[in-house]
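Starting from 1, each residue takes its place in the sequence as its number.
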Amino acid sequence: MNFLRGDIARLRRCTAITTGSEGAIPRCKPLKYAYEKEIVLYAYFKKLDYFSTECIYSPNAYRGHARAFLKDLEALRPSAIMDIIHSGENLSVKEDVRMPVQGTCTRCGYISSQGLCKACVLLEGLNRGLPKLGIGKHHKLHHKLLAQEPLSEAETRKLKVVDF
């Protein structure tokens with residue numbers, strides 16, 4: 001998905017053999033170069049428990065379209081997924097290019113690219129009676145949420161309306 005979106009910062013982070021930022025527990029990926037089919041077969045023959053059901057909403061999500069595209073690519077060229085991983089590993093960016101910085105949420109301390117993570121924005125919206133606050137692009141309101149300032153009438157009206 002990061003490759004398709006052109007998100008080079010995340011692509012570089014997710015293709016590393018170990019991931020984790022300062023303050024977070026690093027994760028290693030010992031099966032990074034193993035195909036999903038091989039991992040499932042190994043779990044099956046070793047009688048390991050694994051979660052194989054998929055969310056009912058995922059086929060219509062962007063992730064589902066990206067997965068279908070990768071499966072089609074893999075049918076044409078079996079090494080397509082490994083090629084994407086290797087290209088992410090070998091990706092180089094010029095020194096003068098400004099890359100997004102991975103920060104932390106000011107409320108809960110979890111990893112976030114904004115001042116508030118999405119979970120805290122959703123909770124704030126529910127606590128204020130504004131269910132649409134965490135849905136969509138409302139980054140302009142984050143500074144008001146951080147300062148715990150009240151929203152204007154127009155902002156509140158826009159966020160209260162729930163269309164079904």
- Taking only residues two or more places apart in sequence, or in another chain, which ones meet A16 in a side-chain contact (heavy atoms from CB on, under 4.5 Å)? none
- Does H86 reach the side chain of Y33, with side-chain heavy atoms less than 4.5 Å apart? yes
- Which atom pair, heavy atoms only, marks the closest approach of S87 to F3? OG-CE1, 3.8 Å
- Task: Please check if the side chain of T106 supplies one atom and the backbone of L116 the other of a donor-acceptor pair under 3.5 Å.
- Result: no
- Min side-chain heavy-atom separation L31-Y42 under 4.5 Å: no
- Examine I17 and I84 and state if one hydrophobic cluster contains both, with Ile, Leu, Val, Met, Phe, Trp and Tyr joined whenever side-chain heavy atoms are less than 4.5 Å apart. no
- Query: Within a radius of less than 6.0 Å around CG of D96, do more than 12 heavy atoms belonging to other residues, nucleotides or ligands occur?
  - Reply: yes
- Nearest-0.5 Å distance, CG of residue L76 to NZ of residue K71: 13.5 Å
- Message: Using 0.5 Å steps for rounding, measure from the OG atom of S79 to the CD1 atom of I85.
- Response: 11.0 Å
- Under a single-linkage definition using a 4.5 Å side-chain heavy-atom cutoff for Ile, Leu, Val, Met, Phe, Trp and Tyr, are Y44 and I39 assigned to the same hydrophobic cluster? no
- Looking only at non-hydrogen atoms, find the nearest pair between L4 and A66 and report the distance. CD1-CB, 3.8 Å
- Item | Contacts of F69 that satisfy ring pair (Phe, Tyr, Trp, His ring centres under 6.0 Å) - sequence neighbours left out | none
- Task: Please report the closest heavy-atom contact between P30 and C28, naming both atoms and the distance.
- Result: CD-O, 3.3 Å
- Could you pull out the closest heavy-atom pair between S112 and C117, with the gap in Å? OG-CA, 3.5 Å
- Please step through side-chain contact (heavy atoms from CB on, under 4.5 Å) for the pair R5 and L11, ending with a clear verdict. CA-CA 10 Å; R5 273 194 230 129; L11 182 63; over 6 Å; no
- Message: Can you tell me how far apart NZ (K118) and CG (L123) are? Round to the nearest 0.5 Å.
- Response: 12.5 Å
- Salt-bridged, E89 to K32, with N to O below 4.0 Å? yes
- Query: Does a salt bridge link R67 with E74, judged by any charged N lying under 4.0 Å from a carboxylate O?
  - Reply: no
- Message: Does any part of the side chain of N2, heavy atoms only, come nearer than 4.5 Å to the side chain of T15, both counted from C-beta?
- Response: no
